[in-house]
There are 2 protein chains.
Amino acid sequence: MNRQVDTSTKDKILRAAIRVFAQKGRHGTRMDEVAQEAGINKAMVYYYFSNKDNLFFEILTTIFTEMYQNSLHRISEDISTGKNHADIISNSIRYSFESYNKNPHYTRIMIDAISSGMDEIPKALEAVYDSSQLSPTSYIIKTIQDGIDKKIFRAVDPINTMISITGMTFIYFLSRNIIKFFGMKIDDEDEFLDNRIKSVIDLIMNGMLMRQ
Amino acid sequence: MNRQVDTSTKDKILRAAIRVFAQKGRHGTRMDEVAQEAGINKAMVYYYFSNKDNLFFEILTTIFTEMYQNSLHRISEDISTGKNHADIISNSIRYSFESYNKNPHYTRIMIDAISSGMDEIPKALEAVYDSSQLSPTSYIIKTIQDGIDKKIFRAVDPINTMISITGMTFIYFLSRNIIKFFGMKIDDEDEFLDNRIKSVIDLIMNGMLMRQ
DNA sequence: ATATTTATTAACCATATGGTTAAACTAGAA
DNA sequence: TTCTAGTTTAACCATATGGTTAATAAATAT
């Protein structure tokens, strides 16, 4: 079930580029370094990817595919096995965290995409979900709406709720160091992540206010 | 009560630099352009700010000061006038949105700071709240904890809740276009923001689940 | 008046870096 | 064995760009 390793030059370049871009950032990345990391001649990078911007774009589609493919499968499985609405949402949050956690360094690449003005991301996503309307996001929004219709959820705004969930997940990976800023010390990384996931799910489901 | 306009060369450079960095991004910014925008000789930029990184750092402390000063005052006023816990939190969310909304282009600068590895932000914040422990963040965390003690709030994790609030606020400003990605169309910007604020407060306070 | 410190300018510069090119090598087709 | 299309290489290159410098002007101190 794993992506089979493509040993072609093009793939070698792409993999190397992901490593370098994730570590050095979009503008910190040197095309020479990408070539060196891939163990090939720099001209090959241009041969297969035309230029730096295009290389970045192909990286984007690659990591989006990797990250969302996995979530998508698991969410749609939860839905088709008839899990209840709250569990579908809770699990999707869990999947999302796990997805980010598997490749935390991808965050940097996404940040760079966001930072460059929001032109590339929609295009990259389009390339990932080519014309099909299936995305983890749309699944969740539909589940929220359905849960509202069935009086399981309060009449929240589904899209705004989705945006909130995304924000709560994403900010954690924006930087681990943000935690320091909030005055928290981490003894055990895994435990902290686990706690964060539970905390997000609890807040999303129950809110802060004490129930009377 | 407004910051008085400083017409000194140093300030002219700083203001111009904020404009250029916000628009072009950290690495897209050319020192020549900063000088031109400020209407002074490039050497002056180096005279007052040594180098590009240091200029960026001073920009960071400047915008942090601007953004948080305002929130800080309003939150501490709410606390001292004895507002109830839920209102203090709700208002702080509102202030935070308003603060971002006043200078939405600052987001790009913050993104660039985050993207450059999380070294500068803590230092910049330190410079802002010099050694005093007063920050909007700490006020809110304390209010949450106090609300829990008084059985007004459920036993949520205060710091994780704070992180969540920050994420929900910040992601909105990451990019307006993110909304397109979520399949929403905006007729009225102000109305949409207003809706977003209400939606976040509602979710934070009440959660999704229907109360029995 | 004079010395000294601070502010400002125009002209320079080193070099890093994205991108090119022309030639050579390979492998499969005819 | 030749032809052709796809790969790969080493050597180049143009130039954008962060940063410098040396000379000068303006304040400020003595």
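Naming: A, B, ... by sequence-line order, numbering from 1 per chain.
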Among C:dG18, D:dG18, D:dT9, the one nearest B:Lys42 by side-chain distance:
D:dG18
Without decimals, in angstroms, what is the distance between A:Leu55 CG and C:dG19 P?
10 Å
Calculate the interatomic distance between B:Tyr46 atom OH and D:dG19 atom P; express it in whole Å.
4 Å
Tell me: CG of B:Asp53 to C1' of D:dT17, nearest whole Å?
14 Å
When you measure only distances, ignoring hydrogens and angles, does the side chain of B:Asn41 come within 3.5 Å of the base of C:dA10 through a donor and an acceptor?
yes
Find out whether A:Tyr172 and A:Val200 are in side-chain contact, i.e. whether some heavy atom of one side chain is under 4.5 Å from a heavy atom of the other.
no
Residue among B:Lys24, B:Lys42, B:Lys52 satisfying salt bridge (charged side-chain N to carboxylate O under 4.0 Å, His left out) with B:Glu33:
B:Lys24
Start with the C-alpha gap between B:Ser164 and A:Arg196, add the side-chain angles, then the distance that decides, and say whether side chain to side chain donor-acceptor pair (under 3.5 Å) holds.
CA-CA 9 Å; B:Ser164 292; A:Arg196 172 85 195 133; 3.1 Å; yes
Classify the nucleic acid contact of B:Met44 as base, sugar-phosphate or nothing, counting any heavy atom under 4.0 Å across all strands shown.
base
Check against salt bridge (Lys or Arg N to Asp or Glu O under 4.0 Å), A:Asp194 and A:Lys198
CA-CA 6 Å; A:Asp194 204 56; A:Lys198 280 179 191 153; 3.2 Å; yes
Below 4.0 Å: OP1/OP2 of D:dT7 and any side-chain N or O of A:Thr9
no
Spacing of A:Ile13 atom CD1 relative to D:dT7 atom P, expressed in whole Å
11 Å
Would you mind telling me which of C:dG19, D:dT20, C:dT8 lies closest to the side-chain atoms of B:Tyr47?
C:dT8
Tell me, do A:Phe57 and A:Asp53 make a side-chain contact under 4.5 Å, heavy atoms counted?
no
Return the value, rounded to whole Å, for the distance between atom NZ of A:Lys52 and atom P of C:dG19.
8 Å
So B:Phe49, base contact, sugar-phosphate only, or nothing? Heavy-atom distance under 4.0 Å.
nothing
Rounded off to whole Å, could you give me the NE2-to-C1' distance for the A:His27 and D:dT17 pair?
15 Å
C:dG19 P sits how many Å from A:Glu33 CD, rounded?
16 Å
Respond yes when some side-chain nitrogen or oxygen of B:Arg30 is under 4.0 Å from OP1 or OP2 of D:dA16, and no when none is.
no
Provide, to the nearest angstrom, the distance between the CG atom belonging to A:Asp32 and the P atom belonging to D:dC13.
16 Å
